[in-house]
2 protein chains.
Amino acid sequence: MSRQLTEIQKKILEHLIDQIKGKGIPPTLAEVARHFGYKNRATVQQHLSAIEKKGYIRKSSKLSRGIELTLEDKFFVPRPVLGEVAAGSPLIIYPDAIDTIDLPTIVRMPKDSFLLRVKGDSLKDAYIFSGDIVIINPNLEPRNGQIVVAILDDAVVVKRFFKKKSQIELISENPEYKPMIIDKRHPSFKLVGIVVGVYRSMEKRRVG
Amino acid sequence: MSRQLTEIQKKILEHLIDQIKGKGIPPTLAEVARHFGYKNRATVQQHLSAIEKKGYIRKSSKLSRGIELTLEDKFFVPRPVLGEVAAGSPLIIYPDAIDTIDLPTIVRMPKDSFLLRVKGDSLKDAYIFSGDIVIINPNLEPRNGQIVVAILDDAVVVKRFFKKKSQIELISENPEYKPMIIDKRHPSFKLVGIVVGVYRSMEKRRVG
DNA sequence: ATTATTACCATACAAATGTATGGTATTTAG
DNA sequence: CTAAATACCATACATTTGTATGGTAATAAT
């Protein structure tokens with residue numbers, strides 16, 4: 001039995017993963033049909049059977065939204081790491097082939113946030129170490145005191161954010177570095193996002 | 001309008017959170033009824049209306065499994081912290097009134113794991129600091145090299161685990177502490193669980 | 001030429017689901 | 001005492017959902 005998915009089956013599977021991993025709940029047949037513009041649930045039904053026969057999903061029969069992914073190996077979900085941060089260096093975003101780490105099922109991303117891997121010891125004063133994964137939310141307004149990732153003159157800064165009248169102060173955890181004070185409309189200042197958390201896997205991983 | 005939940009409503013809400021955050025998908029009325037031993041969906045239906053009226057959930061009407069939590073302020077979910085670990089001290093498990101932290105939606109617990117807050121600097125050699133949250137999975141067989149939380153002679157140890165023939169070696173990250181070697185059937189040895197991850201919130205929290 | 005696979009459609013149906021309504025018993029508040 | 005809120009039960013019903021069956025058209029395989 002071939003495990004090879006057809007183009008359409010692949011698209012449907014991707015949509016299932018998107019919904020289950022991203023939105024949190026598996027779609028119904030009708031919802032998938034609507035998403036792909038099918039006039040009929042039966043079409044989806046048949047595609048799902050095909051995908052199931054090829055081993056990519058499992059269906060808890062008769063239960064609504066009973067689609068399970070068989071990909072994930074119970075405790076770890078592959079999540080893309082979009083790039084690397086190292087204070088002082090340019091922000092590296094992997095262009096296409098994204099690196100992935102296995103995040104415990106534990107760690108689920110809200111729709112709009114993403115992961116960056118920390119490189120180097122430049123953040124150790126914030127107790128963030130090389131190899132740690134920082135969770136970045138790009139859609140939140142930074143509040144005073146939050147740690148943000150920003151790009152200033154093509155280099156990454158990871159500092160605590162303080163907004164004053166027309167200026168922004170970026171303060172390092174390490175008191176030896178003095179605060180950076182920049183104008184709100186500084187042309188080369190770009191806020192990447194807010195560091196909402198740090199995650200470190202305790203698994204020993206084959207590190208390149 | 002009182003936002004105060006009754007005991008039963010609280011239990012149902014907790015079950016909803018457990019299912020949604022832990023299992024990933026919201027339950028149906030029938031499933032909740034079954035879980036609580038109700039003979040009738042309508043009972044659950046009425047409790048959900050009450051809980052919704054008090055503002056804790058939202059229901060996408062007519063949709064199956066359409067229960068959404070409104071608690072989480074979009075990005076944070078309250079999760080119980082079961083206790084505190086500080087290597088060398090007894091394991092403190094908060095008896096009843098559990099402490100809670102706001103975990104980003106990001107951080108979802110697998111069904112059987114729990115959180116402990118690290119106290120003191122005893123784990124700093126493993127780059128785990130006071131205030132960090134460790135994610136413990138009690139249901140995994142420890143593999144060699146994993147960091148485990150265990151209780152030995154009434155004190156907590158947090159060390160790397162290595163199983164030899166009939167002995168267990170517990171090795172500290174800090175090489176100054178020499179390995180503990182104990183018999184597999186040591187009477188006062190109890191494995192609490194495996195540290196599967198560390199999470200640190202970057203929010204400044206009002207710390208007691 | 002025939003068969004199998006893929007990709008759709010339509011229709012039908014039982015079971016599951018959310019919702020509505022009415023009822024009873026107990027507790028709480030005025 | 002009365003009214004309101006709480007915690008259950010039963011029944012009813014329109015939709016939704018998963019599933020089954022049959023059909024059409026296009027393509028690929030034998």
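On a predicted model such as this, the values are computed, not experimentally measured, just so you know. Reminder, nothing fancy here: chain letters follow the sequence lines and each chain counts from 1.
- Taking the screw axis at each terminus of the helix from C:dA1-D:dT30 to C:dG30-D:dC1 from five consecutive base pairs, the angle between the two is 20° to within rounding of 10 degrees.
- Checked against side-chain contact (heavy atoms from CB on, under 4.5 Å), A:H15 has the following partners two or more places apart in sequence or in another chain: A:Q19, A:V32, A:H35, A:F36.
- Residue pairs that meet the salt bridge (Lys or Arg N to Asp or Glu O under 4.0 Å) test with at least one member in residues 34-49 of chain A, sequence neighbours left out, do not exist here.
- Rounded to a whole Å, the CZ atom of B:F36 is 18 Å from the C1' atom of D:dC9.
- The side chain of B:K39 lies closest to D:dC9, out of C:dT6, C:dC8, D:dC9.
- Between B:R160 and B:I147, the shortest heavy-atom distance links the atoms NH1-CG1, 3.6 Å.
- Among residues two or more places apart in sequence or in another chain, the side-chain contact (heavy atoms from CB on, under 4.5 Å) test is passed with B:Q46 by B:A42.
- Using a 4.5 Å heavy-atom cutoff, the side chains of B:F161 and B:I168 are in contact.
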In B/S/- notation (B base, S sugar-phosphate only, - none; protein heavy atoms under 4.0 Å), nucleotides 14-30 of chain D written 5' to 3' is ---BBBBBB--------
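- Here the straight-line distance linking atom CD1 of A:I12 with atom OH of A:Y38 works out to 4.5 Å at 0.5 Å rounding.
- In terms of position along DNA chain C, the nucleotide closest to A:A50 lies nearer the 5' end than the nucleotide closest to the other residue of the pair A:A50 and A:T43.
- Put simply, CD1 on B:I51 is 11 Å from P on D:dT6, counting in whole angstrom units.
- Listed by chain and residue number, A:R65 satisfy the side-chain hydrogen bond (donor to acceptor under 3.5 Å, both in side chains) test with B:S64 (two or more places apart in sequence, or in another chain).
- Of the listed nucleotides (C:dC8, C:dT6, D:dT6), C:dT6 has the atom at the smallest distance from the side chain of A:T6.
- Under 4.0 angstrom from either OP1 or OP2 of C:dA7 there lies no side-chain N or O belonging to A:K11.
- In this model, the phosphate group of C:dA7 is approached by a side-chain N or O of A:H47 to a distance below 4.0 Å at OP1 or OP2.
- For the side-chain hydrogen bond (donor to acceptor under 3.5 Å, both in side chains) test, no residue two or more places apart in sequence or in another chain qualifies with A:S49.
- Taking the side-chain hydrogen bond (donor to acceptor under 3.5 Å, both in side chains) definition, one finds that A:E169 meets it with A:K164, sequence neighbours left out.
- One can place CG of B:L48 at 14 Å from C1' of D:dC8, the figure rounded to the nearest angstrom.
- At whole-Å resolution of the value, NZ in B:K53 and C1' in D:dA4 are 13 Å apart.
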